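Numbered from 1 within each chain, the chains take letters A, B, ... in sequence-line order. Since the model is a prediction, treat every value here as computed from it, not as a measurement.
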Amino acid sequence: MKIITAVRGFKDILPGESEKWQYVEGKAREIFGNFGFREIVLPILEKTELFKRSIGETTDIVEKEMYTFTDRGDESLTMRPEATASVMRAYLEHSLYASESVVKLYTIGPMFRRERPQKGRFRQFNQLNAELLGSKDPRVDAEVILMLIHFLRGVGVSDAQLEINSLGCPACRPAFRDVIHAYLAGKSDGLCEDCQRRLSTNPLRVFDCKVEGCKEIVSTAPLLIEFLCGECRDHFGEVQAGLRQFDTPFTVNARMVRGLDYYTKTAFEVTTGALGAQNAIAGGGRYDRLVEDLGGPESPGIGFAVGLERLIAVAPIPDEGVVGKPDLFIAALGKEAQDFAFVLCNRLRMAGARIETDYAARSLKSQMKRSDKLGCRFTLILGERELQEKKALLRDMKGSAQQPIGLDDAETTILSILSKN
RNA sequence: GUGGGUGUAGCUCAAGUGGUUAGAGUGUCGGGUUGUGGCCCCGAAGGUUGAGGGUUCAAGUCCCUCCACUCACCCCA
């Protein structure tokens with residue numbers, strides 16, 4: 001019979017790898033907590049309409065990458081392709097803006113996009129999202145980016161590149177759109193097929209194209225940064241000034257465009273060279289109009305997402321140190337000894353020690369091998385002979401020294417020895 | 001969605017131009033004198049060679065189809 005395998009693009013995170021995830025998540029909780037962020041746990045399914053309205057009808061994500069289905073009845077539901085929309089939905093649904101002027105949230109969980117899998121790209125992938133709502137102060141932009149960089153350094157990623165840009169606001173972007181459209185329209189022959197289409201749907205995307213011809217045309221094109229309104233220009237300047245007050249080197253990439261429509265003003269991306277083509281480990285930006293567009297009060301916000309698979313792939317997390325080793329292996333010989341081991345083993349575990357044993361009635365030799373392989377600090381040898389004498393042999397696996405231990409108070413004796421090692 | 005690459009034991013890989021019972025390392029299990037780990041030695045289990053079809057006296061090897069994995073385009077975390 002053919003075995004059933006996981007769905008294409010969906011991965012298992014096995015022991016050995018899962019400890020790394022725990023480590024990274026722990027670091028995130030610690031650091032984000034220091035910055036005043038609190039966790040929000042969100043559903044994975046949302047009404048399709050939420051993503052259409054927030055991400056944008058004409059984005060690739062909404063047009064062709066969503067797992068969407070019709071629930072019993074006629075409601076269209078979608079497995080979330082990103083988290084920000086859900087955070088905004090919850091923010092509105094529970095009127096979180098009412099209790100605090102500034103709300104800081106983070107969430108960790110899986111996202112779903114039906115793309116062709118490749119290195120660093122999966123159909124189910126996990127993101128760590130942080131969102132700050134209720135402030136349009138440029139220092140907040142710098143603070144959020146600083147938190148991200150600090151977190152990445154915290155898990156050992158220090159050679160990543162931070163790029164920032166400003167995408168303007170409803171006051172200046174439409175004007176620039178016209179300028180760039182006029183510029184590109186005159187050179188449309190040199191553009192690739194995709195970009196010709198983008199000309200009418202979203203001309204700014206042409207800046208992001210990797211086709212040589214398009215890159216060339218774009219390289220001499222006017223830049224949005226040059227057309228920012230006064231407010232956006234000042235804001236961008238202050239964000240940069242804020243970042244410079246900390247050790248966070250960045251470059252301004254005027255051609256960076258983000259794939260979601262809701263971004264305004266500040267946009268940023270963190271990339272690394274070690275990931276192949278999918279080199280972005282984190283990205284984010286400001287979205288001052290999103291909450292309003294979803295029918296809520298004026299709530300400017302900024303946030304980012306970290307791709308956990310990608311982060312864990314590049315973070316130098318040592319295997320040892322995240323996986324603990326057992327304190328003691330109990331090698332029991334014979335039925336009676338095994339019964340004794342069964343009780344002692346579980347009592348010790350409940351007392352907080354990390355104990356292994358096995359009930360397969362193997363030879364002492366193979367049990368010693370197992371203890372060694374597991375990296376146990378001690379082995380307790382318990383055979384019929386020991387049982388009769390009411391003692392067991394505690395072997396130190398480092399120096400091979402053995403000492404007898406009375407069975408009557410074995411639990412306390414062992415715990416006291418373990419606590420000293 | 002479009003290309004390229006790769007599919008042999010749990011894992012990493014061998015098997016000159018088609019030619020006996022498809023091998024090795026590693027891992028697993030057992031053994032190397034009575035009940036003592038590591039190093040070393042011996043043994044065992046473990047394969048429908050991704051699946052199906054074709055060519056041939058003969059296919060892991062050549063051809064076709066499908067599937068999976070993988071890298072890249074695209075897009076993004």
Side-chain angles (χ1 to χ4, degrees), chain A residues 1-3 5-9 11 14 55 59-65 80-84 108-129 148 152 160 192-195 197-198 202 205 208-212 214 256-260 267-272 275-284 303-314 329 331-334 337 358 360 362-387 392-402:
Chain A
M1 191 166 64
K2 203 176 174 187
I3 63 164
T5 58
V7 176
R8 181 180 179 73
K11 299 284 179 227
L14 302 174
I55 299 170
T59 56
D60 279 14
I61 292 177
V62 171
E63 274 182 349
K64 52 193 186 192
E65 295 176 1
R80 63 178 184 192
E82 62 110 35
T84 304
I108 303 176
M111 308 298 154
F112 305 84
R113 292 183 201 170
R114 203 184 180 293
E115 300 178 87
R116 189 83 174 262
Q118 73 181 73
K119 188 180 179 71
R121 190 170 76 182
F122 313 99
R123 289 181 171 181
Q124 175 177 334
F125 59 99
N126 291 275
Q127 281 188 346
L128 179 52
N129 277 78
L148 169 61
L152 294 176
C192 71
E193 244 176 72
D194 286 330
C195 286
R197 184 171 44 81
R198 287 175 181 132
N202 197 343
R205 285 280 164 68
D208 221 17
C209 189
K210 280 146 195 155
V211 175
E212 276 309 318
C214 301
M256 179 175 71
V257 184
R258 313 247 57 238
L260 295 82
F268 55 96
E269 203 166 280
V270 179
T271 57
T272 166
L275 273 173
Q278 308 303 319
N279 61 359
I281 55 176
F304 62 78
V306 179
L308 286 177
E309 282 82 359
R310 292 182 187 178
L311 175 60
I312 286 166
V314 298
F329 185 93
L333 298 162
D358 83 62
R362 292 184 222 274
S363 67
L364 178 59
K365 178 176 181 162
S366 55
Q367 294 193 61
M368 295 294 296
K369 277 188 179 172
R370 177 120 193 94
S371 174
D372 183 59
K373 203 197 159 214
L374 292 170
C376 300
R377 183 59 219 284
F378 293 97
T379 303
L380 188 73
I381 299 166
L382 185 59
E384 280 128 10
R385 198 187 300 157
E386 285 77 16
L387 228 43
L393 291 171
L394 185 68
R395 182 182 179 86
D396 185 331
M397 297 300 275
K398 276 183 189 158
S400 300
Q402 294 187 174

> B:U70, B:G30, B:A77: which one has an atom nearest the side-chain heavy atoms of A:A280?
Replying inline: B:A77
> How many Å lie between CZ on A:R8 and P on B:U70, as a whole number?
Replying inline: 8 Å
> Is there a side-chain contact between A:V306 and A:V270 (heavy atoms, below 4.5 Å)?
Replying inline: no
>> A:D358 vs A:F329, test: side chain to side chain contact (heavy atoms under 4.5 Å, CB included). Steps then yes/no.
In response: CA-CA 9 Å; A:D358 83 62; A:F329 185 93; 3.8 Å; yes
>> In whole Å, I'd like the distance from the CG atom of A:D358 to the P atom of B:U28.
In response: 14 Å
>> Between B:A68 and B:U28, how far apart are the two P atoms, rounded to whole Å?
In response: 33 Å
> If you pin A:T5 and A:A282 to their nearest nucleotides in RNA chain B, which one's is more 5'?
Replying inline: A:T5
> For A:R310 and A:F125, what are the C-alpha separation, side-chain angles and deciding distance, and is it a side chain to side chain contact (heavy atoms under 4.5 Å, CB included)?
Replying inline: CA-CA 9 Å; A:R310 292 182 187 178; A:F125 59 99; over 6 Å; no
>> Regarding A:G120, tell me which of base, sugar-phosphate or nothing describes its non-hydrogen contacts under 4.0 Å with the strands shown.
In response: base
> Rounded to the nearest Å, what distance is computed from the NZ atom of residue A:K119 to the C1' atom of nucleotide B:U6?
Replying inline: 16 Å
>> Rounding to an integer number of Å, can you tell me how far A:F122 CZ sits from B:A68 P?
In response: 17 Å
> Roughly, in whole Å, what's the span from CG in A:L275 to P in B:A77?
Replying inline: 14 Å
>> Can you tell me which residue among A:L364, A:L394, A:L387 is in a side chain to side chain contact (heavy atoms under 4.5 Å, CB included) with A:L382?
In response: A:L387
>> Taking only side-chain N and O atoms of A:R113, does any of them lie within less than 4.0 angstrom of OP1 or OP2 on B:C76?
In response: no
> For A:D396, what residues pass the salt bridge (Lys or Arg N to Asp or Glu O under 4.0 Å) criterion, not counting sequence neighbours?
Replying inline: A:R377
>> Side chain of A:K11 only, heavy atoms from C-beta on: which candidate in B:G31, B:U70, B:C74 is closest?
In response: B:U70
> Whole-Å distance between B:A72 P and A:R116 CZ?
Replying inline: 13 Å
> Given atom CZ of A:R123 and atom P of B:U70, what is their separation to the nearest angstrom?
Replying inline: 11 Å
>> Please check if the number of heavy atoms outside A:R370 that lie under 6.0 Å from its CZ is greater than 12.
In response: no
> Using a cut-off of 4.0 Å on non-hydrogen atoms, how would the nucleic acid contact of A:T379 be classed: base, sugar-phosphate, or nothing?
Replying inline: nothing
> Counting just side-chain N and O atoms, does A:Q118 come under 4.0 Å of either OP1 or OP2 of B:C71?
Replying inline: no
>> Taking the P atom in each of B:G52 and B:U8, what is the distance between them to the nearest angstrom?
In response: 16 Å
> Looking only at atom P, what distance separates B:G32 and B:C71, rounded to whole Å?
Replying inline: 47 Å
> A:L14 has an atom CG; how far is it from atom P of B:G10, in whole Å?
Replying inline: 16 Å
> How far does the P atom of B:G25 sit from the matching atom of B:C42, given to the nearest Å?
Replying inline: 9 Å
> Which whole number of Å gives the distance between the C1' atom of B:C39 and that of B:A77?
Replying inline: 47 Å
>> salt bridge (Lys or Arg N to Asp or Glu O under 4.0 Å), that's the test. Do A:R258 and A:E269 meet it? Break it down for me.
In response: CA-CA 9 Å; A:R258 313 247 57 238; A:E269 203 166 280; 3.0 Å; yes
> Expressed as a whole number of Å, how far does the P atom of B:G50 sit from that of B:C74?
Replying inline: 33 Å
> What integer number of Å spans the P atoms of B:A14 and B:A59?
Replying inline: 23 Å
> Using a cut-off of 4.0 Å between protein heavy atoms and nucleotide atoms, how would you tag nucleotides 34-43 of chain B 5' to 3' with B, S and -?
Replying inline: -BBBB-----
>> When the P atoms of B:U21 and B:U61 are compared, how many Å lie between them, rounded to an integer?
In response: 16 Å
> Using a cut-off of 4.0 Å on non-hydrogen atoms, how would the nucleic acid contact of A:S366 be classed: base, sugar-phosphate, or nothing?
Replying inline: sugar-phosphate
> Reckon A:S363 has a side-chain N or O less than 4.0 Å from the OP1 or OP2 of B:G31?
Replying inline: yes
